[in-house]
Structures are given as structure tokens and as C-alpha cells.
Amino acid sequence: MTDWLSKLNDQQRKAATHVEGPLFVVAGAGTGKTRTLTTRVAYLIEQAGISPESILAVTFTNKAAREMKERIIDMAGPHAVKTWIYTFHAFGVQVLREFIDRLNQGYKKNFNIIDEDDAKAIIRDLIKSQNLDNKQYKVNDIRNKISDYKYFKEDKFDDYHERNIYQLYQKNLVENNLLDFDDLQVLTHELLLTDEVTRTYYQNKFQYILVDEFQDTDHIQYEIIKLLGMKHRNVFVVGDPDQSIYGFRGADYNNANKFMKDFGNQVVLDLNYRSTTHILSYANRLIKRNQNRPFEKDLKSNLGDGIEPVIWSAQSDFNEANMVANEIKRLVSDYHYNYEDIAILYRNNALSRTFEDTMMKHNIPYVMYGGISFYQRKEIKDVLAYIRVLLNPNLDFYFKRIINVPKRAIGPTSVQKLEAKAKELKISMFEAIDHIDFSGKAKDALHEFKSLILEMSDKLNYMESLEEIVMYVAYHSGYIAMLEEEKDDISEDRIDNIKELKSVFVQGEQFYEGNFVERLQQLLDQIALYSDLDKADDRNAIKLSTFHQVKGLEFKVVFMTVMEDEIFPSPLSTFDPKDLEEERRIAYVGVTRAKERLYLTRSESRLLYGNWMNPSPSRFLKEMRPVQEVFTSRKFESSPTQKNTTFLNAGDKVNHIVFGEGIVVGVEDGIATIAFKMPHGIKKLLENHPSIKKI
DNA sequence: AATATCAACGTTTTT
DNA sequence: CGTTGATATT
């Protein structure tokens, strides 16, 4: 029973056996934070006799939530399944499904959840329907402003039209009973804050609250935790402010300070079980440069000195990738490494290309993280839209998506007419089919479509298991036939994806309880929140990934590539020391992924956006290296290859009349490439243009 | 409604 | 340089 306690070190055990009162566990990279957190849940259930349903554990990813649940059940037994273990968003769904009508904002408990692509699609349609110039009114811009407004109460709308789009967007969501990802947090918070019934219910229910990856919480998530925990005050959070790399999305590592003020009590885990001393010394030296650290700590290793990390320079981006590939082959053939032990990491996805091509050429098996995720795929969203419509044909949002997929001769004009009619009679588009006042082909097609929906919907009502749904819908709607007709490689993949979706439903059958519709609804909720299919990645292949996407993972061998000042730190981050510190944390996360070998590579020239650049080495390299001089000279000298024959040089700071402050990324043939602050971004300008002043 | 052509753009993204 | 999204063309 206490077997799992004996596997912890003293620091960890102290945290895991902490029962009453708050605790902040400052857990450095590789110090066993998740193990500590799960062990504490098991301890609460097994030793302290707390009932699982009064424990809430919150994480950020579905994967983390699932793994945590499995481990807790392993340790504490099957009844631990009742523990509330959710992502912040999935927790919001639980609360809102129960109480959202108490907000009196028009939402009903059977809301559906839309993802970012859906939200953008709605905004795109609104821009079009308002006859606005899509060059001036950009979907992504407006999406961000809407989010800022909803989530941070910051009004960044430029004019009446933008504000109007926000209002129409919000109206659209409420009318269709849809929630976007922001709503799942904002409304949960609002409910807990303003509605006493909801608040007391959950405050009483959750005697113990645990939060994983606390450094990634944003202000609303913090407030949710605070509201939930203020009664019993048994709030236990685990995190590492030094690994906070999602500040750009609102994560605020200063929640650590808020927690200490509101709750107090901390313990530090700094014994690292992952990396060798040499690797940790790189990490420690680097992160020391950050001024803003709620908790200072040095990670200590018990794995010995190990192998000194290396810094390699290549002549070109192509050479850099080749160098990495050759080293990977050497590690696999001459040492004990498998491909799966190795990761190539870079700052942004655009950099993956060279590496991907090179790995292919060298016949090195690889998997790439990132790209379009499973549930974002068109065919998956289409099939899911069908299923939602079959459950409730009045969901206009999903109805519109499938009305002419596959083609049924119901073109945009007919859809518009139908939509107008529905609006006029205040009914759904589906119901409006019976009231249309136009004739001909379109009318017949619409009625035919209606019969099809009714027929399929009827069939769905007689189903007993989730297993049958996907293929029934995919075939009966004509979707598969449409794909088969296309007959190219892509459509074959799409059919495979639909089959994969079927297996998701088959798996779902084991997880969910209740009658058929209830189980189906739970599965659809889960899917709405899942970004990716987590297929077991057991292929023996190296990983290509951004730094962000490997947080929480570890590899025996890590290549941190493109360590160049024009890329990493990103030039856009060098204006604000706060942004630069976040870049440094990203690098810190990279270094601390490595268990045995760390390679830091860069190139002296690189083709970027069609221009040749001569990037200087990343300042982080100097900061990491065990050389004393680094600490005396903070300013980075410009690259020696740069001659002062031009007006501007890479690294110069400039001021532009329109774009404001910027930093020169490169100069060629009198054209300077300059990175300006958002929203201007990277511009190419004549270097001696009078609008630019060197500062 | 499918295809061609052109201009714009270009961090990171757990949900 | 490549990709993407919005137009123009049959």
C-alpha cells in the first residue's frame, strides 16, 4: 500500500503526504512533479480516507489528465475512478452542463462546443456578410481582439465595424447555443463568482484541489481555483515558473506570487532524475539570467557528470541539417541509441522543412509533431457535424456545414434563402425547409435532404452502441461515395481517417456511462476538447518538434537547432525584457529535455523567406557556456563578417515613422529586412529611406 | 464548380 | 522561398 511512498525521495514524500492546508510545490524539470502529485491523490484516498469525489485535480492537456487518472487508479484502486480529474476546459464543461442556465444569458445545458477553426469560420462569414474589406478586417486579428475582450476585458477594437462583428459573433453563439474555448473558462468563472448556489455547491464538494503545471494558469483559471479552494483551503499546486512558456497566450507565472499571498506555504523539489550534471549546469547557468523568478533554484543531478554538451556551427542551413543527420547515424550505429531516443528541436515550425528533407535523404525515420491535428480534419469535422445534426437537426451551425456535402445541388443561394426564411420565422433552418417559397430543383433537393436526415436520425435512435454510428453515417450520407469518386491518395487517407474515428467511438464505449445518447454526448464533448488523437507513438523514429510541443517529455539525445539570434530568441521578443525572458525559458525547457547528450547547433547562413541571412549565434549559447567572460559582457557584439559599409547592419535598432521601433534582421542590396513590433511584423524597406532612423 | 493566377505574408498554441 | 487565401477565368 505504501509501496509507492517508498519510491519517493524525502522532498517528494513531504509534499505527497501533506494533507491539510495549502501547498505550492515548486518542482523543477525532471524532479518527478507528476509522480508527486498523483501519489498525493492516492495518499489522500488510501491513507487519509478522503472520498474520491471530493477531490479535484486539474491539468492542461487531456493526455496528462488521462495518464494521471490511470496512475491514481493503479495506486489507490478502482474506486479512485470517481476522482475529478479534468483539464481546465473539461472541468468547465462539467460545471456548465450542470448550471449554465443559472447565468440567464440564454445558454442551455445542452450547448455544443466549437473549436478555433469554427470560431474563425463564423467571423469570416460575418466579415463577408457585413460587406467589409477583408484586407482591412482580418479574421485572425478580429478573432484575437474578440478573445482579448472576452477573456481579458480589454477593448482593442479599432472601430465600430470590429465591435459590431464581435457583437454579431456573440449573438450567433448564444442563438446557436454554442460555446467557444474562451467561454468554457470565462463562464465557469462568472458562474462561480456571481451565483451563490453554484459556488457553494462546488466549494463544499471539493475538499481537496490539486493543480498540475500551475505556471501555465492564466488569470481566470487562477480565480477559478481560488474561488473553489477558499472554503477548505486545501489547494495543492505543482509547477515550475522557469518553464512558463505560454505567456503569449495569457499564462502568468506570477500566479505563483498570488498563490503565496492568498494561500501560502511552499516546498521545493530540485533533485533532478533526468539529466546529467553537465546538462543541468547549462540549464542552471542559462536560467540564472532571468531577473524575474518567483523561486530561485538550481537543479541537482544524481546521475553523474555525463557528457559535456557541444555547440556546433555549420556553413549553411543545409549543412546544419546534414551534420545533425550524420551524428544521428553515428549515435545509432556506434552507440546504444535507438532513433526514438533522439529529438531535433527548433523554435518555429517553418524551420522543420530542412530537417525533414534531410532526414528523408538519409533514410532516418522521423515523426513530426505539429501540423493539422486529427480532429481538425475536414472529413472528421464533417462526419461529426452529421452526428450532431442527427441528434438535433435544429443546430444550424452544423446543419449548414453538411447541407451540401456531398454535393446535393443546394448551392449558396438556396442556403441563403433558407437562412433568411429561418430568421424571418424564428425557426431553425431545418424547420424552414417546409416553409420555403421558391420552387424547382433546389426545393426538391432540400426536401430530399430533409428525408435523409430524418431517416438517419430515426436509425440513430434505435442504435445501442457507439460503434455503429460512424460508418453508418459516413456511408448513408453519401460521404464515403463522394470520397471514393475522387480517387486520389488524399481521399484514401480521408477514408482511413474516418475509420480511425470509428475506433475512437469504439474506445469511447468503455469510458462512458448512461444511455446511448448520454454516452454519445459525453464522447462528443470529449472530442470537442481533444486536439489530437493520442495514438501510441511506438514507432522507432526520431522526433522533429518545436520546443513548445515537447514540454513534459524527455529524450536521451536532444539537438537544439537553429540557435541563432535572428530566430531564437525571436527578434520580435527582444524589445521587451519580459518577452526575452520567456524566450530564455523556452531554451531552458529545451535543455532540460535532454538526459544524456545535448547538441546546440547553428548555421552561419540561412535562407529565410527567400533571403540569405547571416545570423549571429544565439545569445543563449554564450549564456549557457561555462565561460566566465560571459558574465561581464552582456551586450552581444555584431558578427565579425558584417562590414560597416552599409547604412544599417543586422542587430541595429531603428525607428520607423509608421511602424515604430524595429530591429534589423538583415541587409542585402540596400534592402533592409526589419522586424517591427506586432501587428507590423517583418518588413522589407530601403535601408536609407528617410522614414527610418537608427537609434 | 472546378481551375488558374496573383498578392500577401511570414513565432510559439496544452484547450 | 512556399503556402495560403482571394479573385478571375473557362
Side-chain angles (χ1 to χ4, degrees), chain A residues 58-65 86-93 113-117 119-120 124 127-128 133-135 138-140 144 147 151 179-186 188 212-213 215-218 220-221 243-251 317 345-354 369-371 373 375-376 404 407 409 411-412 486 525-532 534 545-553 562 566-574 579 582-583 585-587 589-590 606-613 665 673 675-684:
Chain A
V58 203
T59 64
F60 276 88
T61 67
N62 290 294
K63 188 165 163 241
Y86 289 109
T87 63
F88 271 99
H89 290 80
F91 172 71
V93 174
I113 303 158
I114 59 166
D115 63 22
E116 278 312 297
D117 291 341
K120 283 176 188 165
R124 190 171 297 121
I127 293 172
K128 205 171 258 170
D133 176 11
N134 58 22
K135 287 192 179 69
K138 303 228 176 80
V139 176
N140 287 324
N144 289 336
S147 199
Y151 214 86
L179 302 189
D180 63 19
F181 287 152
D182 290 339
D183 292 325
L184 293 179
Q185 308 290 258
V186 172
T188 302
D212 193 20
E213 304 278 16
Q215 76 282 352
D216 289 335
T217 52
D218 58 45
I220 293 198
Q221 291 162 338
Q243 290 185 73
S244 171
I245 59 175
Y246 284 99
F248 68 96
R249 276 172 106 254
D317 45 1
L345 308 180
Y346 34 77
R347 178 63 180 85
N348 68 50
N349 287 306
L351 300 167
S352 67
R353 186 177 211 89
T354 323
Y369 282 21
S373 70
Y375 293 109
Q376 312 263 93
N404 203 30
K407 300 262 179 320
E486 286 173 17
D525 272 357
Q526 194 59 244
I527 287 175
L529 298 176
Y530 257 83
S531 61
D532 232 320
D534 49 338
S545 170
T546 62
F547 293 108
H548 282 84
Q549 287 180 306
V550 290
K551 193 168 71 110
L553 304 182
V562 202
E566 278 75 8
I567 303 279
F568 190 28
S570 156
L572 296 170
S573 75
T574 47
D579 291 344
E582 178 146 318
E583 293 288 304
R585 291 193 293 270
I586 297 169
V589 166
R606 174 173 310 280
L607 192 59
L608 191 70
Y609 305 140
N611 285 38
W612 281 98
M613 303 284 178
V665 175
T673 305
F676 291 100
K677 280 190 190 180
M678 279 317 200
H680 307 295
I682 291 173
K683 305 270 180 206
K684 283 189 191 128

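Labels below follow one simple rule: chain letters A, B, ... track the order of the sequence lines, proteins then strands, and each chain is numbered from 1. Keep in mind that what you see is a predicted model, and the values were worked out from it rather than measured.
- Atom-to-atom, NZ of A:K135 to P of C:dT4 comes out at 18 Å; the value is rounded to the nearest Å.
- In this structure, the nucleotide among B:dT11, C:dA6, B:dT15 sitting nearest to the side chain of A:S573 is B:dT11.
- For A:F568 and B:dT12, the CZ to C1' distance is 10 Å, given to the nearest whole Å.
- The interatomic distance linking A:Y375 (OH) with B:dT13 (P) rounds to 20 Å, in whole Å.
- C:dT4 and B:dT13 have their P atoms separated by 16 Å, with the value rounded to a whole Å.
- Comparing B:dT13, C:dG2, B:dT11 against the side chain of A:R249 picks out B:dT13 as the nearest.
- The OH-P distance, from A:Y346 to B:dT11, rounds to 14 Å in whole Å.
- Between A:F547 and the choices A:Y346, A:F568, A:Y369, the ring pair (Phe, Tyr, Trp, His ring centres under 6.0 Å) rule is met once, by A:F568.
- Dashed line: the shortest gap from a side-chain N or O of A:N140 to OP1 or OP2 of B:dC9 is not under 4.0 Å.
- Closest to the side chain of A:L529, out of B:dT11, B:dT14, B:dT15, is B:dT15.
- The interatomic distance linking A:E566 (CD) with B:dG10 (P) rounds to 18 Å, in whole Å.
- Here B:dA7 presents its C1' atom at 14 Å from CG of A:D133, a figure rounded to the nearest Å.
- A 4.5 Å side-chain heavy-atom check between A:L608 and A:E566 finds every atom pair outside the cut-off.
- In this structure, A:L608 atom CG and C:dG2 atom C1' are separated by 12 Å, rounded to whole Å.
- Nearest-nucleotide assignment on DNA chain B puts the 5′-proximal partner with A:G411, out of A:E582 and A:G411.
- In this structure, the nucleotide among B:dT14, B:dT15, B:dT11 sitting nearest to the side chain of A:K551 is B:dT14.
- Checking B:dT11, C:dG2, B:dT14 against the side-chain heavy atoms of A:D216 singles out B:dT14 as nearest.
- One atom, CG of A:L351, and another, P of B:dG10, lie 15 Å apart when rounded to the nearest Å.
- Annotation: A:Y246 is not in aromatic contact with A:F60 [ring centroid separation under 6.0 Å not met].
- Closest of all the heavy-atom pairs between A:L179 and A:D183 is CA-OD2, 3.6 Å.
- The residue A:N349 sits close only to the backbone: its heavy atoms come under 4.0 Å of sugar-phosphate atoms, none of a base.
- Among the heavy atoms of the strands lying under 4.0 Å from A:Y246 is at least one base atom, whether or not backbone atoms are also near.
- Summary of the strand contacts: A:K407 and A:H548 both lie near DNA chain B, and taking for each the nucleotide with the nearest heavy atom, the more 5' one is attributed to A:K407.
- Checked by atom type, the side-chain pair A:N140/A:K120 shows a donor-acceptor distance below 3.5 Å.
- Counting non-hydrogen atoms under 4.0 angstrom, A:T546 reaches the backbone sugars and phosphates but no base.
- Between A:Y151 and B:dT15 there is no side-chain polar atom (N or O) within less than 4.0 angstrom of OP1 or OP2.
- Taking atom C1' on both nucleotides, C:dG5 is separated from B:dT12 by 23 Å, rounded to a whole Å.
- A:K138 comes within 4.0 angstrom of sugar-phosphate atoms only, judged by non-hydrogen atoms across all strands, and of no base.
- Of the residues listed (A:K551, A:R249, A:R585), the one engaging A:D216 in a salt bridge (charged side-chain N to carboxylate O under 4.0 Å, His left out) is A:K551, and it is the only one.
- OP1 or OP2 of B:dT15 lies within a sub-4.0 Å distance of a side-chain N or O belonging to A:N62.
- Looking at the side chain of A:R124, the nearest of the listed nucleotides B:dA2, C:dA6, B:dT11 is C:dA6.
- Side-chain polar atoms of A:D218 and A:Y151 form a donor-acceptor pair below 3.5 angstrom.
- For A:F248, whose side chain is taken as the heavy atoms from C-beta onward, the closest listed nucleotide among B:dT15, B:dT12, C:dG2 is B:dT12.
- At B:dT13, one or more side-chain N or O atoms of A:Q549 fall inside 4.0 Å of OP1 or OP2 (strictly under the cut-off).
- As judged by a 4.0 angstrom heavy-atom cut-off over every strand, A:E583 is placed among the base-contacting residues.
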